[in-house]
Amino acid sequence: CQKWRIKNPDKYEWQSKTYDWKRRGLIIDNDDDLFGLFIFYQAIENCEQCGILFKSKSDKCLDHNHLTGQFRDVICRSCNFTSDRKKYYK
């Protein structure tokens, strides 16, 4: 398994990231749409809410509706924390 990860870093990142999104509630049934979202997620450089530049991959969050599972935006950790609090603790 470790050797496969080393030989296939792009495939490993794709599998682990999309598995994590689905585990957290994102609903996308079509693999082509999921792959397109993954490519978009990798390419985006700024938060779609506040515009801050992402300094690393770990700064990005995939925002989705927790009731429907639908994708909304790629946002920074700060916006993700703030928007979650506004939604659930108003």
Side-chain angles (χ1 to χ4, degrees):
C1 187
Q2 185 73 12
K3 289 180 183 179
W4 183 86
R5 283 186 209 172
I6 293 168
K7 289 182 180 181
N8 302 284
D10 293 335
K11 287 182 182 178
Y12 175 73
E13 184 177 2
W14 150 255
Q15 287 180 344
S16 63
K17 185 57 74 179
T18 56
Y19 171 80
D20 185 51
W21 290 343
K22 288 181 176 183
R23 184 180 61 81
R24 294 174 184 256
L26 179 70
I27 298 173
I28 295 183
D29 296 327
N30 183 318
D31 280 345
D32 290 337
D33 292 342
L34 187 60
F35 184 70
L37 179 57
F38 176 73
I39 296 300
F40 175 73
Y41 178 86
Q42 283 187 312
I44 196 158
E45 296 179 349
N46 297 80
C47 175
E48 293 187 281
Q49 284 187 7
C50 72
I52 194 169
L53 180 68
F54 296 123
K55 294 179 183 174
S56 71
K57 290 179 185 179
S58 65
D59 291 341
K60 297 179 186 182
C61 297
L62 188 84
D63 186 36
H64 67 283
N65 183 306
H66 289 250
L67 298 175
T68 66
Q70 298 299 306
F71 165 73
R72 288 192 285 231
D73 292 310
V74 177
I75 59 177
C76 68
R77 289 186 176 277
S78 178
C79 286
N80 191 45
F81 181 77
T82 303
S83 65
D84 279 351
R85 299 303 164 255
K86 286 180 183 173
K87 286 180 238 171
Y88 297 111
Y89 298 106
K90 243 182 177 179

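FYI, side chains are in, hydrogens and waters are out, and symmetry mates aren't considered; it's all heavy atoms of this structure.
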For Phe38, enumerate each residue passing the ring-ring contact (aromatic ring centres under 6.0 Å, His included) test, keeping only those at least two apart in sequence or located in another chain.
-> Trp14
Applying side-chain contact (heavy atoms from CB on, under 4.5 Å), name anything that partners Cys76, two or more places apart in sequence or on another chain.
-> Cys47, Cys50, Ile52, Phe54, Ser78, Cys79
Check: Asn65 side chain, Leu67 main-chain N or O, donor-acceptor pair, under 3.5 Å | yes
Side chains of Lys60 and Ile75: closer than 4.5 Å at any heavy-atom pair?
-> no
Verify same cluster id: Ile44, Ile28 (apolar side-chain graph, 4.5 Å) | yes
Heavy-atom side-chain proximity of Thr18 to Leu26 below 4.5 angstrom = no
Residue set satisfying side chain to side chain donor-acceptor pair (under 3.5 Å) with Asp20, at least two apart, ordered chain then number -> Arg23, Arg24
Cluster check Phe35, Val74: I/L/V/M/F/W/Y, side chain < 4.5 angstrom | yes
Step by step, work out the side chain to side chain contact (heavy atoms under 4.5 Å, CB included) result for Phe40 and Phe71.
-> CA-CA 12 Å; Phe40 175 73; Phe71 165 73; 4.1 Å; yes
Nearest heavy-atom approach of Leu34 to Lys22 is CD2-CE, 3.5 Å
For residues 30-44, which residue pairs qualify under salt bridge (charged side-chain N to carboxylate O under 4.0 Å, His left out), counting only residues two or more places apart or in two chains?
-> none
Tell me, please, which residues at least two apart from Lys57 pass side chain to side chain donor-acceptor pair (under 3.5 Å).
-> Glu13
Do Trp21 and Tyr41 make the cut of ring centroids closer than 6.0 angstrom?
-> yes
If you round to the nearest 0.5 Å, how far is CG of Asn30 from CG of Leu37?
-> 11.5 Å
Can you check whether Asp63's main-chain N or O pairs, donor with acceptor, with Arg72's side chain at less than 3.5 Å?
-> no
